[in-house]
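Report on the structure given below.
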Amino acid sequence: MSKIIVGIIYGGRSNEHEVSLRSAASVFKRLDRSRFEAKTIYIDKNGVWRWVEIPESFITDNDASLPIMTSAPEVVLLSKGVFSFQDQKNFGRKEKVDVMMPMLHGKNCEDGTLQGLFESAEVPYTGSGVLGSAIGMDKEISKRLAEIAGIPIVPYRVAHSWDSKEKILALLEDAEKNLHFPMFIKAAREGSSVGVYKVKTRDEFVSKISEAFKYDQKVLIEQAIEAREIEFAVLQNADRSKLPLVSIPAEIVPSGGHEFYSYDAKYNDENGAIVKVPAEISQSLTQKLTQLVQNIFIALELEGYARIDLFLDKNSTPEKPVFYLNEVNTLPGFTSISMFPQLWEASGTPYTELLTKLLDLALLRSKG
Ligand SMILES: Nc1ncnc2c1ncn2[C@@H]1O[C@H](COP(=O)(O)OP(=O)(O)O)[C@@H](O)[C@H]1O
Ligand SMILES: [Mg+2]
């Protein structure tokens with residue numbers, strides 16, 4: 001039987017370019033080579049797609065990132081997964097992939113746009129579709145849909161870049177009265193804690209809202225919750241008559257002096273957070289949260305896989321736990337130490353098998 005050709009696409013124009021290089025490297029190394037063959041497509045920081053040939057020796061090189069290849073030949077995606085080479089040297093050359101595996105994050109990657117391109121090109125791809133990706137990227141739309149489905153969310157307000165000074169001041173008064181300081185100000189469609197601020201005073205509120213507008217025209221103002229951060233990894237069930245599969249829970253404890261799980265805590269400080277797998281929560285609460293996570297996956301139209309992050313209010317009691325949806329990630333990090341694969345590993349699905357499942361789900365969806 002001939003092997004299925006997987007196009008690992010990585011890089012991208014977002015702030016999360018470097019994370020992507022590492023996720024893609026892990027996937028490249030650990031894909032099941034008895035069934036799949038890997039090809040790599042790099043989107044450089046200017047948004048140009050490039051065909052990259054990775055040497056086989058790379059597979060044994062332990063903690064490398066996939067390379068930044070700004071000189072690799074430019075390609076464009078035609079229909080049915082065919083890539084056409086654009087440079088003179090490779091004139092007329094074409095390469096075909098059977099399924100695309102996006103390993104990049106943020107704008108133009110995780111928000112449904114790339115998924116739309118794959119749909120129009122009629123090439124199968126892993127993860128959520130156009131709608132689920134777009135919903136997952138937008139923290140406000142996610143909240144609205146979750147709320148309608150009866151999923152608890154953190155109290156919030158929305159500010160837009162076109163709001164008048166008076167409107168922002170009215171929002172501040174409303175927030176002070178009904179949400180209370182401290183609050184979180186967040187760009188609505190970012191990731192990796194980019195454009196996320198904890199504010200404790202009126203002055204900070206006003207200055208951080210304008211800071212957040214540098215990242216997005218839409219900004220969320222949220223009540224700060226004194227919370228334990230509990231995360232789950234979810235996989236769509238290949239059997240469509242069954243609910244999504246949910247991993248054991250993990251807990252992220254920001255540490256090393258970080259007040260919350262900020263960009264620095266995530267990427268610039270080895271001691272930025274303590275990760276507990278599994279989270280120390282009771283069996284009955286785990287069961288309750290597992291159901292909640294299944295409902296979230298369905299309510300937000302997610303497909304394939306996602307990481308779902310919850311808040312468990314530290315001030316609530318074990319008898320009456322209070323929890324909220326924080327956010328969902330439709331293209332979570334995929335390095336071998338990333339939370340998503342780590343949670344599945346701890347739940348009995350090793351990394352390589354997990355990749356196979358994602359690819360099988362992609363191929364299954366493409367059959368309709
Ligand atoms: N309402 C909130 N209450 C308490 N902490 C929060 C709140 N919102 C965000 N945080 C903190 O900020 C981090 C990043 O926010 P999050 O909404 O997850 O954005 P991102 O998509 O960038 O990860 C969270 O992991 C958490 O530590
Ligand atoms: Mg987050």
Side-chain angles (χ1 to χ4, degrees), residues 14-16 19 104-107 109-111 133-143 146-147 151-159 175 178-200 204-205 208-209 211-212 214-216 218-234 249-269 272-276 279 293 296 300 306-316 322-333 338-340 343:
S14 83
N15 294 317
E16 292 159 292
V19 188
L104 20 68
H105 314 283
K107 264 177 219 160
C109 305
E110 195 166 354
D111 58 3
S133 302
I135 292 169
M137 193 69 207
D138 189 315
K139 294 190 166 89
E140 187 215 359
I141 301 294
S142 303
K143 279 182 196 291
E147 196 168 25
I151 292 149
I153 53 162
V154 176
Y156 75 104
R157 300 289 186 273
V158 179
N178 299 304
L179 305 182
H180 319 293
F181 284 115
M183 294 173 213
F184 270 84
I185 307 283
K186 293 183 195 179
R189 291 158 290 204
E190 276 291 340
S192 288
S193 299
V194 171
V196 176
Y197 312 97
K198 186 174 187 177
V199 297
K200 295 170 187 166
E204 281 179 356
F205 180 99
K208 294 305 182 195
I209 284 197
E211 197 63 30
K214 290 183 185 160
Y215 297 97
D216 202 328
K218 183 162 74 170
V219 164
L220 268 64
I221 301 149
E222 277 181 22
Q223 170 72 70
I225 304 294
E226 259 189 74
R228 293 173 66 184
E229 300 191 46
I230 309 290
E231 309 194 342
F232 288 86
V234 189
E251 178 168 6
I252 301 263
V253 188
S255 60
H258 298 277
E259 257 192 73
F260 67 98
Y261 201 28
S262 62
Y263 185 89
D264 280 342
K266 284 178 185 175
Y267 303 115
N268 295 334
D269 183 353
I274 296 163
V275 177
K276 293 185 183 171
V293 160
I296 294 168
L300 302 192
R307 205 189 69 228
I308 296 188
D309 301 349
L310 308 178
F311 287 148
L312 177 60
D313 197 323
K314 281 184 185 164
N315 298 317
S316 66
V322 174
F323 40 81
Y324 307 92
L325 164 64
N326 174 32
E327 58 148 353
V328 300
N329 287 283
T330 53
L331 290 180
S338 291
M339 185 60 94
F340 186 88
L343 273 175

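The residues of the chain are indexed from 1 along the displayed sequence. What you see is a predicted model; the values in this text were computed from it and never measured. In listed order, ligands and their atoms are each counted from 1.
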Requested in this report: Output yes when a side-chain donor or acceptor of E147 lies under 3.5 Å from a complementary backbone atom of K143, and no otherwise.
Outcome: no
Report task. Answer side chain, backbone, both or neither: which part of M137 comes under 4.0 Å from ligand 1, heavy atoms only. Result -> neither
Query raised in the report: Between F311 and ligand 1, does any nitrogen or oxygen pair lie at a separation below 3.5 Å?
Result: no
Query raised in the report: Between the candidates E229, E222, M183, which shows the shortest non-hydrogen contact distance to atom 26 (C) of ligand 1?
Result: E229
Query - Distance (rounded to the nearest 0.5 Å) between M339 CE and E231 CD - result: 4.5 Å
Query - Atoms in ligand 1 with a heavy atom of K139 nearer than 4.0 Å - result: 17 (O), 19 (O), 20 (P), 21 (O), 22 (O)
Query raised in the report: For ligand 1, which part of K186 has a heavy atom less than 4.0 Å away: the side chain, the backbone, both, or neither?
Result: side chain
Query raised in the report: When you measure from atom 14 (C) of ligand 1 to every protein heavy atom, which one gives the shortest distance, and what is it?
Result: S193 OG, 3.3 Å
Report task. Name whichever N, O or S atom of E327 ends up nearest to the Mg ion (ligand 2). Result -> OE2
Report summary line: Within 4.0 Å of some non-hydrogen atom of I225, the atoms of ligand 1 are 2 (C), 3 (N), 4 (C)
Query raised in the report: Is I252 touching ligand 1 with its side chain, its backbone, both, or neither, if touching means heavy atoms under 4.0 Å apart?
Result: neither
**Report entry** ligand 1 N/O within reach of K266 N/O, cut-off under 3.5 Å
**Finding:** yes
Requested in this report: Run the ring-centre check on F260 versus F184 and record whether the distance is less than 6.0 Å.
Outcome: yes
